[in-house]
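Single-structure report; data block below.
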Protein chains: 4
Amino acid sequence: MTPQPTRRNEQSRRAILAAALELLAETGYPALTVEAIAARAGVGKQTIYRWWRGKGAVILDALADDVPEVVALPDTGDLRADLRQVLRATVAEFADPRLSATTRAITIETLADEELGAQARDRLLRPQLNAVRVRLEAAREAGQVRPDAALDQVVELLFGPLYHRWLLRNGPLTDDYADGIVDLVVAAVTPSTSIRG
Amino acid sequence: MTPQPTRRNEQSRRAILAAALELLAETGYPALTVEAIAARAGVGKQTIYRWWRGKGAVILDALADDVPEVVALPDTGDLRADLRQVLRATVAEFADPRLSATTRAITIETLADEELGAQARDRLLRPQLNAVRVRLEAAREAGQVRPDAALDQVVELLFGPLYHRWLLRNGPLTDDYADGIVDLVVAAVTPSTSIRG
Amino acid sequence: MTPQPTRRNEQSRRAILAAALELLAETGYPALTVEAIAARAGVGKQTIYRWWRGKGAVILDALADDVPEVVALPDTGDLRADLRQVLRATVAEFADPRLSATTRAITIETLADEELGAQARDRLLRPQLNAVRVRLEAAREAGQVRPDAALDQVVELLFGPLYHRWLLRNGPLTDDYADGIVDLVVAAVTPSTSIRG
Amino acid sequence: MTPQPTRRNEQSRRAILAAALELLAETGYPALTVEAIAARAGVGKQTIYRWWRGKGAVILDALADDVPEVVALPDTGDLRADLRQVLRATVAEFADPRLSATTRAITIETLADEELGAQARDRLLRPQLNAVRVRLEAAREAGQVRPDAALDQVVELLFGPLYHRWLLRNGPLTDDYADGIVDLVVAAVTPSTSIRG
DNA sequence: CTCTAAGCGAGACGGTACGTCCAGTCTTCTT
DNA sequence: AAGAAGACTGGACGTACCGTCTCGCTTAGAG
């Protein structure tokens, strides 16, 4: 009943993932079909259904395969500069139509399927967020961030607005915008120097 | 060729929107079909396709019909308190499975279809964001917000993290979380009192 | 409820019949629709349904309008020659794609709808058959046809084979074929000259 | 693209043909739909469209399946008697509402679709006509039929009138009528005994 | 070093919904 | 009151994919 992973044909697996990404780029997610993936990959439909639950799972796998497991963030000592760099990179990603399309695709699938959502979160989202968190922890130890700041929230404070604006097309996504967010967030977490200057 | 809105049957229109919302609540968005809406509304499919581009457009219309055109925000003079109230209300909305499901539905459709996205933005999102913006403007005039703060960004700083966490299921959505976001944002926009403490 | 023929718009009537014939020639019977007739005639659909039962009735009316009420047959005294002429004319009609198509159309409608069939029979078929019958009666009086021959059957003996071959595409329809049928039929009805040659 | 007949499911094929005949008997040809056939047969619509061009093709196949490939005609030595028997049988067939309806159905489809017409001709009509032709050939060899008679025409002379009268409802179809036709045709083909009476 | 059970390409299958087309009815406004 | 216009319910159309189910055909590993 359950397939034997040992016997799995690696060549087919790769052909399927490649075909899925190609078709995603060409036709967009809603027009993507398992049948088309199978045809493009030169593979029987059953071979897809044997190893994945549907097109969403295939796409997720394909994307996760493309992403480096661990993402490292630069630490120049200048928190603001480092964050600007990260957010500008994110803006650039969203500006790239290809990457943008795939991210939208993943998001759709994520919305409709809880299990897939969990996988996407753990394999794609978390590593990225976590890298930023690590950088913030370093900043906190360096006294550049208030010790009581909830760093998970700070991370979401950085990415949430970008994601929101991009997903809902609520305005242009520019480097200036990214910088503005960073400035606001830095202001929010900088220890108050007020009491006695 | 293009239908004549004058001749439109208002009764059918309402029946369709009502049926769409009912079915959405009962079966969820992916299982929602134009055929089912037509059947439930006692309407020919063509009548739906004559006036809408598909189920997404119907749902959007149905939801937009339910939303008050203008949303007013309380102004108690206490910005932090007012914002907490708004964000807590948003958290509550996201916690309600019914509302949550419809918002997810809209979001999916929005992602796949640019035109629909524009409509959703203008008719559903913007009014809500704008209400908060108005409150922030009042706060700025009252000297509670730095005069140079880009208020649109601040609004997104409030909602972005919530939306991000909810959509990607990146953690629990609680009142505490909402309060934490508000605290961070208020800290970000409060005029620096540094000069002489 | 029942429409008042007095008030009927003669112009519309004619436009409808003309449009029906045009479309029949252009697109063929199965592709012919009431909607198209109405559009072509610049007429509301209701105006068609008010006066006819459907596209079949319209077509029948259109064709019956075209046909001379009474058809006369030549009588040269030579029965064989006269019949040959009639059957050759019929062959020519069947060879004309346009006439052939309309006859096929009528036949289809006739098959499906008994009432229409009756009308077609009385207004289109009978007059034609009757003309031949009259000629045969004359021949009988002239002693060229056996007095005991059932003339209705003889008429059908003439047209039945042609019709059969044409409708079922059971072979080529040529003048030779027509002549052959005539010869057989004449042989069948010629009084036996046996007694003394 | 084109389906592979090897893989064809014989069970489905039979279920479809059976369902088609059932529904034809129950509802008549015009009310017959591919959808209903599929439902009754417990089959997907695509399975019908994969193997047939439409309901007409299905019905034709169903009927052709029912017909014995080769039809033999009795040969008692008495041509007139044998032909009477055949034509009376045909009259009986036309009198049976069920058989009559299916024949009308086939005819309609035949009229509209040349290819179908060709099939109907070859698989349904020709075998029957040919059987009569064979009998006539025997009669010719026995000297009961003029040697110069075009037998194909004679066959059509027998069936044409019946078909004509039935299809166009141009009069009652009785055994007497059939006998009358046979008498005429026999008269037409009997070698003239005149020469020396 | 065969044999056999698995995965495989292929694609037919029962289904469901699609978006379109037309039938025939109903409604509104015009002539 | 009839007509032009065209929106309405209804229902079949033929298509596209879904996910499952055979087919033979490799192909690997247990005997």
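A note on names: the letters A, B, ... follow the listed sequences, proteins ahead of strands, and every chain is numbered from 1.
- Nucleic acid contact class of A:Gln4 (heavy atoms, under 4.0 Å, all strands): sugar-phosphate only.
- Of the candidates B:Ile59, B:Val58, B:Ile106, B:Leu24 forms a side-chain contact (heavy atoms from CB on, under 4.5 Å) with just one, namely B:Ile59.
- Residue B:Val43 is tested with B:Ile48, B:Asn9, B:Ile37 for a side-chain contact (heavy atoms from CB on, under 4.5 Å); the sole match is B:Ile48.
- Separating the CG atom in D:Leu111 from the CD1 atom in C:Ile108 is a distance of 5.0 Å, to the nearest 0.5 Å.
- As rounded to whole Å, 9 Å separates atom P of F:dA4 from atom CD1 of C:Ile48.
- Separating the CG atom of A:Asn9 from the P atom of E:dG9 is a distance of 6 Å, rounded to the nearest angstrom.
- No contact: B:Thr6 has no heavy atom under 4.0 Å from any strand.
- Put simply, CG on B:Leu23 is 16 Å from C1' on E:dT16, counting in whole angstrom units.
- Atom CD of A:Gln11 and atom P of E:dG7 are 17 Å apart (whole Å).
- Taking a 6.0 Å sphere around CD of A:Glu26, one finds it holds more than 12 heavy atoms contributed by other residues, nucleotides or ligands.
- Within residues 38-47 of chain B, the residues approached by DNA chain E to less than 4.0 Å at the level of any non-hydrogen atom are B:Lys45, B:Gln46, in residue-number order.
- Figure legend: cation-pi geometry between C:Arg8 and C:Trp52, with NZ or CZ positioned under 6.0 Å from the six-membered ring centre and within 45° of its axis.
- Looking at residues 49-56 of chain A, you'll see A:Arg50, A:Trp51 sit with a heavy atom under 4.0 Å from some atom of DNA chain E.
- Test D:Arg123, D:Arg13, D:Gln119 against D:Asp61 for side-chain hydrogen bond (donor to acceptor under 3.5 Å, both in side chains) and you get one pass: D:Arg123.
- Taking the nucleotide of DNA chain F with the nearest heavy atom to each of A:Arg7 and A:Glu35, the more 5' of the two is matched to A:Glu35.
- C:Arg13 has its CZ atom 16 Å from the C1' atom of F:dG3, to the nearest Å.
- Contact annotation: the side chain of C:Leu168 approaches that of D:Leu125 to within less than 4.5 Å [non-hydrogen atoms, C-beta and beyond].
- D:Leu17 is not listed as a side-chain neighbour of D:Arg14, based on a closest heavy-atom distance of 4.5 Å or more.
- A sub-4.0 Å separation between OP1 or OP2 of F:dA2 and a side-chain N or O of C:Ser12 is absent.
- Following rounding to the nearest Å, B:Arg8 (CZ) and F:dT9 (P) show an atom-to-atom distance of 11 Å.
- With rounding to whole Å, B:Ile16 atom CD1 is found 11 Å from F:dT9 atom C1'.
- Put simply, the side chain of B:Thr33 does not reach to within 4.5 Å of the side chain of B:Leu23, judged on heavy atoms.
- Proximity note for D:Pro3 (side chain, C-beta onward) versus F:dG3, E:dG19, E:dA12: the nearest is E:dA12.
- One atom, CD1 of D:Ile37, and another, P of F:dC13, lie 8 Å apart when rounded to the nearest Å.
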